[in-house]
> 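The structure under discussion is supplied below as structure tokens; questions concerning it will follow.
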Amino acid sequence: MLHSTNDTVAWLLEPDPTNPGVRYMALRDVLGQPSDTPEVAAAQAAVMSSGPVPAILAAQDPAGYWVEPGPGYYPKYTGTVWQVTFLAQLGADGRDSRVTAACDYVLDHTRSRYGGFSAGADPAGQIHCLQGNLVAALIDLGRLGDPRLDDALDWLARSITGEDIAPAEEKDAPVRFYRSGNSAPGFACSANNHLPCAWGAVKAMLALGKVPEAARTPAIRAAIATGSEFLLSRDPAVADYPMGYATKPSQSWFRFGYPIAYVTDVLQTLEVLTALGYGGDARLRPALELLLSKRDKQGRWRMEYTYNGKMWVDVEHRGEPSKWVTLRAARVLRRCERPL
């Protein structure tokens, strides 16, 4: 007997002390309940008292960082930038004093003098996957409007379009691209042999898409247009975007997991593009069919990729039905007005 939508939603909504963030986000994103309703507020309170979020916060230094002070990119995946990213993805409450301290720490210690987030102490470490993940996380944690985040958003947008940024070769320019990071406009990245990096583009669009339309600057709007066009320039289900050091797309594109670090997958491409209003675009149909092909008879999706053993806490188990991956799929199908 095949599943019903109600069965899948009920599974996501059941109280689950091991992954309470699923219920919180399902109430908000699948049922569409406002964040200030008592039921949603209670669900988020549960996120802060059980499951992975308290385990991550237990490892935090009182100063706001994890493991070692500084930019926080290392060590993977227990350093500061990863915890801020994971806390947001797991549904942490940005009003909690420990989460606030973590956000302030990365805003003060992980930005370069250009304003963008960097893996090192200077602009040479700016890459879109890092910047997109952190900007998206900080918006989810309630920091939109913070002048430091506004600066990071502006840099992220302009680093995509190239506005007012000199080529990397102009080493005397006051503001320029760097060959060691994002090396040119349009998602060019040293990690992809200076070709446009689709993983970075997905993360950047994830972040920029979270800015409410009324708050989008001309630079942000131009960057969203550039990024959407790039991600739709190839079939997202095939993911044969420019490959600097490979001959075929990474298999990570086709393994769905959670939480998500710098690697991305076809499902996240769908999440990003449907959030930007492309849910009815015919170019997404093959990717949607790929998504639906992974659904089992109970209406659930499996955990295919995990950082378990590398983070402060394990999240679900690879190969088993995953509430987190199913929640991600449910968001996409809801935006496409398709049954779950």
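One is the number of the first residue; the rest follow in order along the sequence.
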> Can you tell if the side chain of Leu141 reaches within under 4.5 Å of the side chain of Val84, non-hydrogen atoms only?
yes
> Between Lys323 and Glu316, is the closest basic N to carboxylate O distance under 4.0 Å?
no
> Is the centre of the Phe254 ring less than 6.0 Å from the centre of the Phe256 ring?
no
> I'd like to know if the side chain of Asn133 reaches the main chain of Ala261, judged simply by a donor and an acceptor atom lying under 3.5 Å from each other, with no hydrogens or angles considered.
yes
> So Lys203 and Val272, side chain to side chain contact (heavy atoms under 4.5 Å, CB included) or not? Walk me through it.
CA-CA 8 Å; Lys203 305 301 186 180; Val272 165; over 6 Å; no
> With the side chain counted from C-beta on, respond yes when Glu39 and Leu31 share a heavy-atom pair under 4.5 Å apart, and no when they do not.
no
> Indicate yes or no: at least one non-hydrogen side-chain atom of Val47 is less than 4.5 angstrom from one of Pro20.
yes
> Relative to the ring of Trp82, is the ring of Tyr77 parallel (under 30°), tilted (30 to 60°) or perpendicular (over 60°)?
perpendicular
> Using the rule given for side chain to side chain contact (heavy atoms under 4.5 Å, CB included), can you reason through Val81 versus Trp66, listing the C-alpha separation, both sets of side-chain angles and the distance that settles it, and then say yes or no?
CA-CA 9 Å; Val81 302; Trp66 279 261; over 6 Å; no
> Report yes if some heavy atom in the side chain of Leu57 is under 4.5 Å from a heavy atom in the side chain of Met48; otherwise report no.
yes
> Determine whether a donor-acceptor pair (N or O, by modelled atom type, separation under 3.5 Å) exists between the side chain of Arg283 and the backbone of Pro236.
no
> Same cluster for Tyr307 and Leu134 if Ile/Leu/Val/Met/Phe/Trp/Tyr side chains link at under 4.5 Å?
yes
> Given 3.5 Å as the limit, does a donor-acceptor pair link the side chain of Arg95 with the main chain of Thr100, or not?
no
> Count the heavy atoms belonging to other residues, nucleotides or ligands that lie under 6.0 Å from OH of Tyr178, then report whether that count exceeds 12.
yes
> Quick check on Arg221: does its CZ atom have over 12 non-hydrogen neighbours (other residues, nucleotides or ligands) under 6.0 Å away?
yes
> Can you tell which of Thr269, Leu231, Leu232 makes a side chain to side chain contact (heavy atoms under 4.5 Å, CB included) with Leu284?
Leu232
> Using a strict cut-off of less than 4.0 Å between a Lys/Arg side-chain nitrogen and an Asp/Glu carboxylate oxygen, indicate whether Arg148 and Asp108 qualify as a salt bridge.
yes
> To the nearest 0.5 Å, how far apart are OG1 in Thr217 and CG in Leu208?
8.5 Å
> If hydrophobic clusters are built by linking Ile, Leu, Val, Met, Phe, Trp and Tyr wherever their side-chain heavy atoms come under 4.5 Å apart, do Ile260 and Ile56 end up in the same one?
yes
> Under the side chain to side chain contact (heavy atoms under 4.5 Å, CB included) criterion, do Leu333 and Leu292 qualify, and how do the steps go?
CA-CA 9 Å; Leu333 295 175; Leu292 292 170; 4.0 Å; yes
> Can you see which heavy atom on Arg158 is nearest to which on Glu163, and at what distance?
NH1-O, 2.9 Å
> For residues Ser118 and Leu130, report the shortest heavy-atom separation together with the two atoms involved.
C-CD2, 3.5 Å
> Applying the ring pair (Phe, Tyr, Trp, His ring centres under 6.0 Å) test to Trp324, which of Tyr258, Phe86, Tyr24 qualifies?
Tyr258
> Answer yes or no: are there more than 12 heavy-atom neighbours, outside Glu320 itself, under 6.0 Å from its atom CD?
yes
> I need the Ile127 CD1 to Ser159 OG distance, nearest 0.5 Å.
11.5 Å
> Should Met243 and Val263 be counted in the same cluster of Ile, Leu, Val, Met, Phe, Trp and Tyr side chains packed under 4.5 Å apart?
no
> If I compare all heavy atoms of Val99 with all of Gly94, which pair ends up nearest, and what's the gap?
CG1-CA, 3.8 Å
> When hydrophobic residues are tied together by side-chain contacts of less than 4.5 Å, even through go-betweens, does Tyr114 share a cluster with Val135?
no
> Tell me, do Arg302 and Ser322 make a side-chain contact under 4.5 Å, heavy atoms counted?
no
> Is the side chain of Thr110 donor-acceptor paired with the backbone N or O of Leu107 at a distance under 3.5 Å, no angle test?
no
> Are the side chain of Trp301 and the backbone N or O of Leu291 linked by a donor-acceptor pair below 3.5 Å?
yes
> Atom CD of Gln251 and atom CD of Glu304: how far apart are they, to the nearest 0.5 Å?
10.5 Å
> For a 4.5 angstrom cut-off between non-hydrogen side-chain atoms, does Gln298 reach Thr326?
no
> Which is it for Lys76 and Tyr262 under the side chain to side chain contact (heavy atoms under 4.5 Å, CB included) test, yes or no, and what are the steps along the way?
CA-CA 11 Å; Lys76 292 180 180 179; Tyr262 73 90; 3.8 Å; yes
> If only atom types and distance count, is the side chain of Arg113 paired as donor or acceptor with the main-chain N or O of Pro123 below 3.5 Å?
no
> Centroid-to-centroid, Tyr241 to Trp253, below 6.0 Å?
yes
> Does the distance from a Lys or Arg side-chain N to an Asp or Glu carboxylate O, for Glu289 and Arg338, drop under 4.0 Å?
yes
> I'd like to check Gln268 versus Leu206 (side-chain heavy atoms, cut-off strictly below 4.5 Å). Are they in contact?
yes
> Determine, using the 4.5 Å side-chain heavy-atom cutoff (strictly less than), whether Val53 and Tyr65 are members of one ILVMFWY cluster.
no
> Please work out whether the ring planes of Phe187 and Phe230 are parallel, tilted or perpendicular, with thresholds of 30° and 60°.
parallel
> Rounded to the nearest 0.5 Å, how far does CG of Asp281 lie from CG of Leu276?
11.5 Å
> So, does Asp240 use its side chain to make a donor-acceptor pair with the main chain of Lys248 at under 3.5 Å?
no
> Would you name the heavy atoms of Thr306 and Val315 that are closest together and state the gap between them?
OG1-O, 4.3 Å
> Please check if the side chain of Asp61 supplies one atom and the backbone of Gly64 the other of a donor-acceptor pair under 3.5 Å.
no
> Quick check: does any side chain N or O of Asn193 sit under 3.5 Å from a backbone N or O of Leu195, one acting as donor and the other as acceptor?
no
> Do the side chains of Leu138 and Phe117 get nearer than 4.5 Å, heavy atoms only?
yes
> Salt bridge check: are Arg23 and Asp16 linked by an N-O gap of less than 4.0 Å?
no
> Taking all non-hydrogen atoms of both residues, which atom of Gln131 and which atom of Gln126 are closest, and how far apart?
NE2-CB, 3.7 Å
> Roughly how far apart are Trp199 CH2 and Asn192 CG, rounded to 0.5 Å?
9.5 Å
> Quick one: does any side-chain atom of Ser190 pair with a main-chain N or O of Ser180 as donor and acceptor, under 3.5 Å?
yes
> Minimum heavy-atom separation for Pro259 and Gln89, please, with both atom names.
CB-OE1, 3.1 Å
> Just verifying a value: how many Å separate Glu68 CD and Thr80 OG1, rounded to the nearest 0.5 Å?
8.0 Å
> Is Arg300 close enough and on-axis enough to Trp11, meaning under 6.0 Å and within 45°, for cation-pi?
yes
